Amino acid sequence: MVATIDVTEGEFAGWRTYDSHGTFDQVVGPFYFRIEPDGRRRCAFRAEAKHMNMGHRMHGGCLMTFADIALFQMAYQEMEGASGVTVQLDSTFVDAVYEGDLVEATGEVVRAGKSLIFSRGQIHVGDRVVMTFSGVIRKFQPRHRP
């Protein structure tokens, strides 16, 4: 299980992030999350030069990675400590993201069963929606590798 870190300094003070050194999430991120007063989770990161494509807009793959991270954050309670994999992630790109933008994701679980969790959300910069997404997580107990 990956540990979380409480951020105490800088722009994301009061948020949390994962201690996931060397993983894809950390190379692309870091991504941050916090629990809102209504119990929902909000995810965020600051757009950097490394996130941009040749057209100086955020690469769609970066937004989809962020959506995948947010999908799991939204489903945190329903995961009940289990591991999971994304089995479906649908996305619609609505607007561009530029270097320096604060990118945030919010959403909700639509339905949670014994092994499948269905969620939907949106990614926004300020009050501009830049992407909508929906996805399905399959939760399972981790197998032990030999």
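From a predicted model like this one, the values you see are computed outputs, not experimental measurements.
For Phe45 against Cys62, the heavy-atom pair with the smallest separation is CZ-SG, 4.1 Å. The minimum heavy-atom distance between Met52 and Ala47, with the atom names listed, is CE-CB, 3.8 Å. The shortest non-hydrogen separation linking Lys50 to Gly29 is NZ-O, 2.7 Å. Heavy atoms only, all atoms of each residue included: Lys139 and Met79 are closest at CB-CE, 3.9 Å. Heavy atoms only, all atoms of each residue included: Val87 and Arg138 are closest at CG1-CB, 3.8 Å. Thr132 and Val94 get closest at one heavy-atom pair: N-CG2, 4.4 Å.
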Please lay out, stage by stage, how Val85 and Ile137 fare under the test side-chain contact (heavy atoms from CB on, under 4.5 Å). CA-CA 6 Å; Val85 294; Ile137 296 171; over 6 Å; no
Assess whether side-chain contact (heavy atoms from CB on, under 4.5 Å) is satisfied between Tyr76 and Ile35, documenting all intermediate values. CA-CA 11 Å; Tyr76 181 81; Ile35 301 171; over 6 Å; no
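Within 6.0 Å of CG on Asp38 lie more than 12 heavy atoms contributed by other residues, nucleotides or ligands.
Using a 3.5 Å distance cut-off with no hydrogens or angles, the side chains of Thr4 and Arg16 do pair a donor with an acceptor.
The shortest side-chain heavy-atom distance between Arg42 and Glu104 falls under the 4.5 Å cut-off. No side-chain heavy atom of His124 sits under 4.5 Å from any side-chain heavy atom of Met131. A 4.5 Å side-chain heavy-atom check between Thr17 and Ile5 finds at least one atom pair inside the cut-off. Under the 4.5 Å side-chain criterion, counting only non-hydrogen atoms from C-beta, Ile123 is in contact with Val103. Side-chain contact between Ile117 and Val136 is absent, with no heavy atoms from C-beta onward closer than 4.5 Å. Proximity of His51 to His59: side-chain heavy atoms (C-beta onward) are nowhere separated by under 4.5 Å. The shortest side-chain heavy-atom distance between Leu63 and Val97 falls under the 4.5 Å cut-off. In this structure, Thr65 and Phe31 have side chains that are in contact, with non-hydrogen atoms separated by less than 4.5 Å.
For the atom pair CD (Glu108) and CD (Gln122), the distance works out to 10.0 Å, reported to the nearest 0.5 Å. A distance of 12.5 Å separates CZ in Arg111 from CD in Glu78, rounded to the nearest 0.5 Å. Note that OG1 of Thr86 is 10.0 Å distant from CE of Met64, once rounded to the nearest 0.5 Å.
Ion pairing between a basic and an acidic side chain is recognised when a charged N comes within 4.0 Å of a carboxylate O; Glu36 and Arg41 show no such pairing. Salt bridge Arg57/Glu99: absent, no basic N to carboxylate O contact under 4.0 Å.
In the hydrophobic cluster analysis, where Ile, Leu, Val, Met, Phe, Trp and Tyr join through side-chain heavy atoms closer than 4.5 angstrom, Phe66 is grouped apart from Tyr18. Side-chain heavy atoms closer than 4.5 Å link hydrophobic residues (I, L, V, M, F, W, Y) into clusters, and following such links, possibly through other members, connects Phe72 to Ile69. Cluster annotation: Leu89 is connected to Val109 through the hydrophobic network of ILVMFWY side chains, with a link wherever side-chain heavy atoms come within less than 4.5 Å.
In the hydrophobic clustering (ILVMFWY side chains linked at under 4.5 Å, chained through shared members), Phe12 is joined by Val7, Trp15, Tyr32, Leu102.
With hydrogens and angles ignored, the 3.5 Å screen pairs a side-chain donor or acceptor of Asn53 with a backbone N or O of His56.
Residues meeting the side-chain contact (heavy atoms from CB on, under 4.5 Å) test with Ala70, sequence neighbours left out: Cys43, Ala105, Phe133. The side chain to side chain donor-acceptor pair (under 3.5 Å) test applied to Asp90 returns Gln88, not counting sequence neighbours.
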